[in-house]
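In the text below, chain A, chain B and the rest are named by the order of the sequence lines, each starting its count at 1.
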Amino acid sequence: KAGVTQTPRYLIKTRGQQVTLSCSPISGHRSVSWYQQTPGQGLQFLFEYFSETQRNKGNFPGRFSGRQFSNSRSEMNVSTLELGDSALYLCASTAEGNGELFFGEGSRLTVL
Amino acid sequence: QKEVEQNSGPLSVPEGAIASLNCTYSDRGSQSFFWYRQYSGKSPELIMSIYSNGDKEDGRFTAQLNKASQYVSLLIRDSQPSDSATYLCAVNMGTGTASKLTFGTGTRLQVTL
């Protein structure tokens with residue numbers, strides 16, 4: 001069974017640009033959640049999607065958004081990038097939306 | 001006050017010893033608790049979940065939960081060098097969906113030969 005796949009794995013952007021990250025969950029998993037990981041703040045919840053609906057959102061500004069498609073694949077977008085957005089963005093999936101998450105390898109974003 | 005607190009370590013234990021990792025949380029209404037392991041440069045992987053007071057054993061790992069004292073711990077018996085990693089405690093605090101976890105900043109474990 002294939003794991004959670006995230007693309008791209010690495011990317012470099014400049015301030016003011018926007019970025020879109022993609023996540024394909026484990027087959028059969030309908031819940032996809034996104035986390036940001038930084039050395040200073042650790043892992044922080046961004047949002048969760050279940051059956052194409054955002055079920056919950058963390059305490060991030062509106063520049064952070066996401067969506068989920070009918071095949072459960074998810075994307076997150078960050079607009080007007082700031083230096084502080086440099087982080088590892090992790091996508092995780094689970095079958096029924098419990099806390100037993102399966103993480104992808106992450107997308108490492110560097111903002112210059 | 002941080003919602004989920006862990007000692008950042010490093011916690012150094014000799015090979016074959018028991019490693020004890022601790023975590024406290026602030027929300028008494030928390031329902032479910034998880035331990036994730038993260039190797040350097042890798043993503044977190046779930047090693048234990050626990051939902052009710054007491055102990056839960058899985059191989060060399062034992063998770064312990066005490067809701068009255070608001071702490072959860074992880075014991076690793078017969079520690080191996082391959083157990084050297086950062087261990088993240090995660091709590092679902094009963095708000096939002098069960099996938100919304102609050103993570104501690106992790107305890108770095110070093111198992112020495």
Side-chain angles (χ1 to χ4, degrees), chain A residues 3-7 9-10 21 23-26 29-60 66 68 72 74 87-108, chain B residues 1-10 21 23-27 29-52 56 58 61 63 65 72 85-108:
Chain A
V4 178
T5 304
Q6 292 188 246
T7 57
R9 292 289 313 280
Y10 303 92
L21 309 177
C23 172
S24 293
I26 292 172
H29 285 191
R30 295 191 294 165
S31 168
V32 174
S33 50
W34 290 87
Y35 287 81
Q36 180 196 66
Q37 187 172 34
T38 59
Q41 298 296 318
L43 270 160
Q44 293 186 289
F45 176 81
L46 281 156
F47 27 65
E48 184 213 3
Y49 289 87
F50 186 88
S51 295
E52 302 179 66
T53 301
Q54 186 182 88
R55 292 208 295 191
N56 211 342
K57 192 176 190 302
N59 297 321
F60 279 82
Q68 186 180 34
S72 294
S74 177
L88 180 67
Y89 290 89
L90 290 161
C91 168
S93 75
T94 183
E96 293 298 329
N98 61 25
E100 298 181 4
L101 305 178
F102 293 84
F103 283 92
E105 289 299 311
S107 293
R108 184 166 295 282
Chain B
Q1 181 188 0
K2 291 185 179 178
E3 295 180 287
V4 178
E5 295 210 42
Q6 298 180 255
N7 189 316
S8 62
L21 305 160
C23 169
T24 58
Y25 59 93
S26 61
D27 184 5
S30 298
Q31 299 294 315
S32 47
F33 308 85
F34 307 88
W35 284 98
Y36 285 82
R37 176 176 64 197
Q38 187 171 26
Y39 292 112
S40 180
K42 299 294 187 181
S43 58
E45 58 178 327
L46 177 69
I47 52 173
M48 290 287 286
S49 60
I50 187 165
Y51 300 95
S52 54
K56 178 182 178 183
D58 184 1
F61 298 96
L65 174 61
V72 57
T86 297
Y87 289 80
L88 300 165
C89 174
V91 178
N92 171 252
M93 296 197 164
T95 58
T97 66
S99 290
K100 181 181 180 182
L101 300 183
T102 300
F103 282 83
T105 52
T107 297
R108 189 157 64 93

Given that the side chain runs from C-beta out, which part of A:Leu43 has a heavy atom under 4.5 Å from chain B: side chain, backbone, both or neither?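 It is both, since atoms from each part get that close.
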Side chain, backbone, both or neither: which part of A:Gln44 has an atom under 4.5 Å from a heavy atom of chain B?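 For A:Gln44, no heavy atom lies under 4.5 Å from chain B.
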Return the [atom1] to [atom2] distance between [X] and [Y], rounded to the nearest 0.5 Å.
X: B:Glu45; Y: A:Leu101; atom1: CD; atom2: CG; result: 13.0 Å
X: A:Glu100; Y: B:Asn92; atom1: CD; atom2: CG; result: 11.5 Å
X: A:Phe102; Y: B:Leu46; atom1: CZ; atom2: CG; result: 7.0 Å

Where is the tightest heavy-atom contact between B:Leu101 and A:Gly99, given as atom of each residue plus distance?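 Looking at all heavy atoms of both residues, the shortest contact is CD1-O, 3.5 Å.
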Whether the side chain of B:Ser43 engages the backbone of A:Gly104 through a donor-acceptor N/O pair (distance < 3.5 Å, no angle test) should be reported.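 Here the side-chain-to-backbone pair exists.
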Where does B:Phe33 contact chain A at under 4.5 Å (heavy atoms): side chain, backbone, both or neither?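 No part of B:Phe33 comes within 4.5 Å of chain A.
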My understanding is that only residues two or more places apart in sequence, or in another chain, count here; which of them pass side-chain hydrogen bond (donor to acceptor under 3.5 Å, both in side chains) with A:Glu105?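 Listed in chain order: nothing, the list is empty.
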Output all residues satisfying side-chain hydrogen bond (donor to acceptor under 3.5 Å, both in side chains) with A:Ser107, sequence neighbours left out; order by chain, then residue number.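 A:Ser107 satisfies side-chain hydrogen bond (donor to acceptor under 3.5 Å, both in side chains) with no other residue.
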